[in-house]
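Just so we're clear, the structure is a prediction, and the values are computed from it rather than from any experiment. In the text below, chain A, chain B and the rest are named by the order of the sequence lines, each starting its count at 1.
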2 protein chains.
Amino acid sequence: MEKYCKFESALDILIGKWKPVILLQLITNGTMRFGELQKSIPEINKKMLTQQLRELEYNDIVHREVYHQIPPKVEYSISEYGRGLSSVLQVLNDWGVSHIEHMKGRNEA
Amino acid sequence: MEKYCKFESALDILIGKWKPVILLQLITNGTMRFGELQKSIPEINKKMLTQQLRELEYNDIVHREVYHQIPPKVEYSISEYGRGLSSVLQVLNDWGVSHIEHMKGRNEA
DNA sequence: CGGAATCCACTCTGATACTG
DNA sequence: CAGTATCAGAGTGGATTCCG
């Protein structure tokens, strides 16, 4: 029975306050530098951005490309493997949208 | 652009240490009493079980049926609306399973 | 039986300052 | 530029006790 209950492991990868936004940015914009990501998500700070990116990188969702130069340059992008997530995110997104509608309907009643 | 980023709201509903297990129990077993749920998830305590059930109930995923009698009896089940989640969970589950394989492959390399 | 209330522990997030 | 280090606060989880 345990074998059928692996959606927790999928959730783990998406959990984290900023991961959804980061993924959205990278999916829509393609490759982005650290600073670009930071600018596109003004409320985040460097520590959190780094942390969440590292977790996504660890799970092979995001690719990190380092250019060894001064000043440093690091580019992030969705990895080849990570693209497989988009269909999952799409399903989640669709359900999320309809759920918002559903809850709105309940509050009005 | 914001309109396309609603999978966070879907995630919110699934997030919580015990929600996945609770949902799995209710999906596979149908209607269950509070005590039954507790027995089926031995590591959980009443507070957490109550709390997570309330959140699921708030989002209309789980239905709570109270029988006013002594001793009390309360039954939980996946709501009609909540059943719409199963396809989402299925997608997450499938991806989760394949992701575990993916990560295993990477560690061996 | 099915909770509610309380209190403690731990994790996650965030503000700030420093660095190669 | 792209981080790391440190520390403080908020949020989440858990053990225990009490109640109708």
Of the nucleotides C/dA4, D/dA2, D/dG14, which one has an atom closest to the side chain of B/T50? C/dA4

D/dA2 OP1/OP2 closer than 4.0 Å to side-chain N/O of A/R33: yes

Mind checking if A/K46 touches a base, just sugar-phosphate, or nothing, with heavy atoms under 4.0 Å? base

Counting only heavy atoms not in A/Q69 (residues, nucleotides, ligands), do more than 12 fall under 6.0 Å from its CD? yes

Is A/Q51 near enough to D/dT4 that one of its side-chain N or O atoms lies under 4.0 angstrom from OP1 or OP2? no

Under 4.0 Å between a side-chain N/O of A/K17 and OP1 or OP2 of C/dG14, yes or no? yes

When the distance from CD of A/Q52 to P of C/dG14 is rounded to whole Å, what number comes out? 9 Å

Quick one: do A/K39 and A/E36 make a salt bridge, cutoff under 4.0 Å? no

Considering only heavy side-chain atoms of B/R64, the closest of D/dG3, D/dG14, C/dG3 is C/dG3

Using OP1 and OP2 only, check whether a side-chain N or O of B/W18 sits under 4.0 Å from D/dG14. yes

Does any pair with a residue in residues 80-104 of chain A pass ring pair (Phe, Tyr, Trp, His ring centres under 6.0 Å), and if so which ones, sequence neighbours excluded? A/Y81-B/H99, A/Y81-B/H102, A/W95-A/H99, A/H99-B/Y81, A/H102-B/Y81

CE of B/M48 versus P of D/dT16: gap in Å, rounded? 16 Å

Given C/dG3, is OP1 or OP2 found less than 4.0 Å from the side-chain N or O atoms of B/Y76? yes

Partners passing side chain to side chain donor-acceptor pair (under 3.5 Å) against A/R83 (at least two apart in sequence or in another chain): none

Using whole Å, report how far CD1 of B/I70 lies from P of C/dC1. 13 Å

Output the rounded distance in Å from CD1 (A/I44) to C1' (C/dC12). 13 Å

Between the side chains of A/Q90 and A/D94, does any donor sit under 3.5 Å from an acceptor? yes

Residue whose closest nucleotide on DNA chain C lies nearer the 5' end, A/E43 versus A/P71: A/E43

Round to a whole Å and report the spacing from CD1 of B/I22 to P of D/dG13. 11 Å

Using heavy atoms to find the nearest nucleotide of DNA chain D for A/K47 and A/R54 separately, return the residue whose nucleotide is more 5′. A/R54

Starting at CD1 of B/I15 and ending at C1' of D/dG13, how long is that distance when rounded to a whole Å? 15 Å

Between C/dG20, C/dG14, D/dG3, which nucleotide has the shortest distance from any of its atoms to the side chain of A/P72? C/dG20

Whole-Å distance, B/E65 CD to C/dC1 C1', equals 16 Å

Is there a side-chain contact between B/N45 and the phosphate of D/dA15, meaning an N or O under 4.0 Å from OP1 or OP2? yes

Spacing between A/K73 atom NZ and D/dG3 atom C1', to the nearest angstrom: 17 Å

